[in-house]
K.L.:
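Attaching a single structure in structure tokens format; questions to follow.
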There are 2 protein chains.
Amino acid sequence: MASKPKVTIHHIAEKLNITASTVSRALNDNPRISEITKKAVLKAAKQLNYQPNNIAAALRNGKSYIIGIIVPTADRAFFASVVRGIEEIANKLNYKVIICQSYDNYEKEVQTIDALLSARVDGIIASIGKNTENFDHYKRCHEKGIPLVLFDRTTDALEVSQVVIDDYLGAYKVVEHLILQGCRRIAHFTSPKKVSVFKERLRGYTDALRDYEIPFDEELIIKSNLQLEDGRTSMEKLLALKVQPDAVFSASDYGAMGALQVLKEHKILVPTEIAIAGFGNEPFTSFSDPALTTVDQFSLTMGRITAELFFEHFKGGDTKLVPQKTVLKPELIIRGSTLRKPGRLP
Amino acid sequence: MASKPKVTIHHIAEKLNITASTVSRALNDNPRISEITKKAVLKAAKQLNYQPNNIAAALRNGKSYIIGIIVPTADRAFFASVVRGIEEIANKLNYKVIICQSYDNYEKEVQTIDALLSARVDGIIASIGKNTENFDHYKRCHEKGIPLVLFDRTTDALEVSQVVIDDYLGAYKVVEHLILQGCRRIAHFTSPKKVSVFKERLRGYTDALRDYEIPFDEELIIKSNLQLEDGRTSMEKLLALKVQPDAVFSASDYGAMGALQVLKEHKILVPTEIAIAGFGNEPFTSFSDPALTTVDQFSLTMGRITAELFFEHFKGGDTKLVPQKTVLKPELIIRGSTLRKPGRLP
DNA sequence: TTTTTCTGTTGAGTGGTTGCATGGGTAAGG
DNA sequence: CCTTACCCATGCAACCACTCAACAGAAAAA
């Protein structure tokens with residue numbers, strides 16, 4: 001290494017002929033220190049190129065001012081946006097955020113939780129991975145007394161605060177919209193995983209069909225991982241049916257995009273022959289031709305609300321917080337991929 | 001808080017009637033501790049629900065096993081991918097990664113560096129923000145003796161290792177391709193910022209024109225922030241010219257996508273009337289109609305290489321590392337938005 | 001008996017914070 | 001004018017949890 005001066009408050013203290021505690025207090029703007037001393041300390045600190053050691057402070061205080069965020073992946077627009085919302089609030093309160101990706105991998109998720117606990121973060125905000133069915137690692141947070149808030153991919157198996165959007169309502173709106181556009185045989189791409197968001201979207205789908213007296217057909221439910229490639233194969237499966245659907249509602253935008261690609265390759269007209277709708281309002285949904293109808297999840301807002309809910313834990317002192325579930329209303333974004341009757345916007 | 005047992009190695013030691021140092025060694029699998037003791041310690045640790053305190057260890061060792069990554073934004077596929085590549089290597093070596101976003105904001109970037117230094121990370125890997133023209137905060141890393149490696153958005157003003165792709169070559173290939181497709185009046189979207197990648201792409205553009213004896217026309221160079229909206233306004237500017245271009249090469253995929261949207265709205269045929277090419281191979285480039293010709297940056301590879309270069313710092317011991325610059329070769333991805341002569345793939 | 005090996009202990013140190021002194025100065029009270 | 005009380009700025013030393021160099025005691029080897 002080039003140079004490691006390792007300037008500590010002791011060096012500053014020595015230089016000024018005072019003690020480290022005074023320096024510490026001065027740096028923390030403690031009222032018990034005179035302005036003159038503070039000025040001197042600040043000046044000396046600058047001169048010596050002093051860099052505070054948060055590790056030491058964190059050890060002493062038992063508080064790191066860092067909160068951990070766990071998301072399946074940071075490159076999904078939705079999660080990136082939520083993270084941004086959280087960061088906004090956290091930074092305002094002088095907290096730093098460390099972002100960890102579980103890549104929807106259970107082991108990695110467990111490891112990450114452990115790493116964060118060992119790193120002594122002041123709290124964790126997480127969205128549960130798709131493959132996670134055991135929540136013991138999250139329970140551990142509770143045991144250690146460190147606050148946990150979940151968003152989007154949550155579970156009711158844990159007694160923690162959570163922020164979700166009304167996936168049921170979003171799905172219901174999509175399907176209702178498709179029905180109003182004249183679709184009668186609506187397929188649904190969903191996940192085989194026990195993730196609440198997908199279960200809720202499926203429920204919205206079923207209920208909308210029921211309310212409009214459209215028969216539910218099991219063969220129109222295609223389960224997959226909902227990625228682009230899955231959307232493609234799912235669509236191929238649908239096209240192989242004796243009676244093809246006249247609409248597809250995918251629980252993810254990626255799946256919908258895959259379906260759209262396949263339809264274009266098959267020269268099947270969208271939305272005239274088959275309408276397509278996704279979920280999530282990923283940015284690319286507006287770039288396709290036709291642009292994808294989808295559901296916006298107000299990700300930035302979700303991030304902010306999650307953070308606010310999270311910081312409630314620090315306000316009340318030691319009073320145990322009652323877990324709160326905040327449900328946001330999603331918004332249907334109607335675009336070309338489902339618009340069969342021009343000009344008709346509900 | 002619910003419960004804060006705060007189990008330390010001392011509790012384990014007490015329980016087993018040994019000392020804390022023995023416990024510490026046992027937990028670290030030190031050969032000087034007998035297997036029997038190790039087993040007992042591990043068992044007691046589990047029983048007591050012990051959670052190691054990395055903060056204390058880091059303070060003592062002066063090593064946190066955390067490296068900080070600074071990217072302008074984590075939600076760009078390119079950066080997300082690089083991060084993933086870095087994480088892959090880092091995790092293998094038992095390092096944790098903390099991802100920080102500068103949002104291309106200079107102040108935030110400076111703050112982040114300071115925060116990371118104070119957090120005593122073992123090193124920093126960064127991509128410089130668009131608006132950063134002063135690099136003193138990066139120099140500070142060097143002063144403190146903590147390793148720094150830059151990728152993609154780098155600068156030669158700092159004596160540090162860096163990993164970049166050959167932006168010049170990528171741009172050259174794009175423009176050459178456009179010329180071979182018969183385009184003669186090729187516009188270029190670039191950034192007004194002093195960021196090397198954009199300067200290099202511009203240079204590739206100019207050189208390709210020169211090599212093919214196509215006159216350079218200043219009015220075809222449009223400077224903007226290269227986001228979607230910028231692409232739109234830039235395209236509008238081009239359309240307002242007396243002599244419109246027959247191709248647009250945007251230094252970013254977002255800009256290209258904006259241009260494409262405007263052209264479609266104006267019912268101008270792509271690529272027949274105006275061909276469009278971007279740079280970066282963002283996933284959405286394959287979703288548009290026509291799909292966007294662009295340049296792939298091998299982001300995952302870049303992440304891996306960056307990480308490997310970074311960890312070189314730890315291998316050599318205290319020998320000062322000579323800064324190394326690794327240049328990756330980009331790949332031209334030809335898609336519909338520039339394919340005027342069917343079947344002609346170089 | 002001396003030396004080596006093995007296993008474990010002691011105690012200092014990592015950098016910063018904080019409860020409890022301390023000591024000088026000032027103001028009030030006698 | 002001299003106590004006494006009190007305040008203010010600062011010092012002292014313990015503490016946070018863990019690690020490691022140095023050391024010690026016992027058993028094994030020489």
Side-chain angles (χ1 to χ4, degrees), chain A residues 4-42 44-45 48-66 115 117-122 144-146, chain B residues 4-42 44-45 48-66 115 117-122 144-146:
Chain A
K4 274 196 173 181
K6 291 264 194 186
V7 183
T8 73
I9 53 171
H10 297 281
H11 296 106
I12 301 180
E14 202 173 349
K15 177 171 175 146
L16 297 177
N17 272 319
I18 54 180
T19 53
S21 23
T22 305
V23 176
S24 169
R25 290 200 179 91
L27 291 173
N28 289 316
D29 206 27
N30 187 312
R32 283 167 49 187
I33 301 299
S34 69
E35 286 306 317
I36 305 131
T37 317
K38 278 182 191 170
K39 288 248 164 63
V41 168
L42 252 27
L48 294 175
N49 196 16
Y50 168 74
Q51 182 91 39
N53 185 332
N54 286 353
I55 300 256
L59 176 59
R60 175 63 224 243
N61 299 331
K63 196 153 172 52
S64 60
Y65 281 94
I66 294 179
L117 289 177
S118 287
R120 291 297 194 268
V121 294
D122 291 343
K144 310 276 177 194
I146 96 144
Chain B
K4 276 198 173 181
K6 291 265 195 185
V7 183
T8 73
I9 53 171
H10 297 280
H11 296 103
I12 301 181
E14 202 173 350
K15 176 170 177 149
L16 297 177
N17 273 318
I18 53 179
T19 54
S21 15
T22 305
V23 176
S24 170
R25 289 208 180 82
L27 292 174
N28 289 316
D29 206 28
N30 187 309
R32 282 172 49 187
I33 300 298
S34 67
E35 286 307 315
I36 306 133
T37 319
K38 278 182 191 171
K39 288 249 164 62
V41 168
L42 252 27
L48 293 175
N49 197 16
Y50 167 75
Q51 182 91 37
N53 185 333
N54 287 353
I55 298 257
L59 175 60
R60 176 62 226 242
N61 299 330
K63 194 152 173 55
S64 60
Y65 281 93
I66 294 179
L117 289 177
S118 288
R120 291 297 194 268
V121 294
D122 291 342
K144 311 276 178 195
I146 96 143

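Quantities reported herein were computed from a predicted structural model and do not represent experimental measurements. Values reported hereafter were calculated over all heavy atoms of this structure, with side chains retained and with hydrogens, waters and symmetry mates removed. To find a chain, count down the sequence lines: A is the first, B the second, and so on, and within it residues start at 1.
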K.L.:
Got a second to check how far A/Arg32's CZ is from A/Thr22's OG1, nearest 0.5 Å?
P.N.:
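Answer rounded to 0.5 Å: 9.5 Å.
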K.L.:
B/Tyr50 has a side chain; which of C/dT9, D/dC18, D/dA17 sits nearest to it?
P.N.:
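The closest nucleotide is D/dC18.
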K.L.:
Go through the N and O atoms of the side chain of A/Thr37 and the base of D/dT10, and report whether any donor-acceptor pair is under 3.5 Å.
P.N.:
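Looking at the base of D/dT10, it does not pair with any donor or acceptor on the side chain of A/Thr37 (distance under 3.5 Å).
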K.L.:
Have a look at A/Asn54 and say if it touches a base, only the backbone sugar-phosphate, or nothing, with a 4.0 Å heavy-atom cut-off.
P.N.:
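Counting heavy atoms under 4.0 Å across all strands, no contact is made by A/Asn54.
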K.L.:
Please determine, for the side chain of A/Asn53, which listed nucleotide (C/dT9, C/dT18, C/dG15) has the closest atom?
P.N.:
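In terms of side-chain proximity for A/Asn53, the closest of C/dT9, C/dT18, C/dG15 is C/dG15.
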K.L.:
Tell me what B/Thr8 touches on the nucleic acid: a base, only sugar-phosphate, or nothing, going by heavy atoms under 4.0 Å.
P.N.:
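Since only primed, P, OP1 and OP2 atoms lie under 4.0 Å of B/Thr8, the category is sugar-phosphate.
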K.L.:
Please determine whether any donor N or O and acceptor N or O are separated by less than 3.5 Å between the side chain of A/Arg25 and the base of D/dT10.
P.N.:
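For A/Arg25, whose side chain was compared with the base of D/dT10, there is no donor-acceptor pair (under 3.5 Å).
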K.L.:
Hey, are the side chains of B/Ile55 and B/Leu59 touching, using non-hydrogen atoms and a 4.5 Å cut-off?
P.N.:
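No, too far: nothing below the 4.5 Å cut-off.
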K.L.:
To the nearest 0.5 Å, tell me how far B/His11 NE2 sits from B/Lys6 NZ.
P.N.:
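It is 10.5 Å, given to the nearest 0.5 Å.
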K.L.:
With sugar-phosphate meaning primed atoms plus P, OP1 and OP2, does B/Ser34 contact a base, only sugar-phosphate, or nothing at under 4.0 Å between heavy atoms?
P.N.:
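Sugar-phosphate, no base atom in range.
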K.L.:
Answer with yes or no whether B/Arg60 presents, from its side chain, a donor or acceptor under 3.5 Å of a partner atom in the base of C/dT14.
P.N.:
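Counting by modelled atom types and ignoring angles, no donor-acceptor contact under 3.5 Å is found here.
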K.L.:
Which residue, B/Leu27 or A/Asn17, contacts DNA chain D at a nucleotide closer to its 5' end, judged by nearest heavy atom?
P.N.:
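The answer here is A/Asn17.
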K.L.:
Among C/dT17, C/dG15, D/dC12, which is the nearest nucleotide to the side chain of A/Asn61?
P.N.:
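The closest nucleotide is C/dT17.
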K.L.:
Measure from the side chain of A/Leu59, starting at C-beta and using heavy atoms only, and say which of D/dA17, C/dG16, D/dT10 lies closest.
P.N.:
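Shortest atom-to-atom distance from the side chain points to D/dA17.
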K.L.:
With a 4.0 Å cut-off on heavy atoms, is B/Ile33 in touch with a base, just the backbone sugar-phosphate, or nothing at all?
P.N.:
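Sugar-phosphate, no base atom in range.
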K.L.:
Heavy atoms only, 4.0 Å cut-off, all strands: where does A/Ile55 land among base, sugar-phosphate and nothing?
P.N.:
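No contact.
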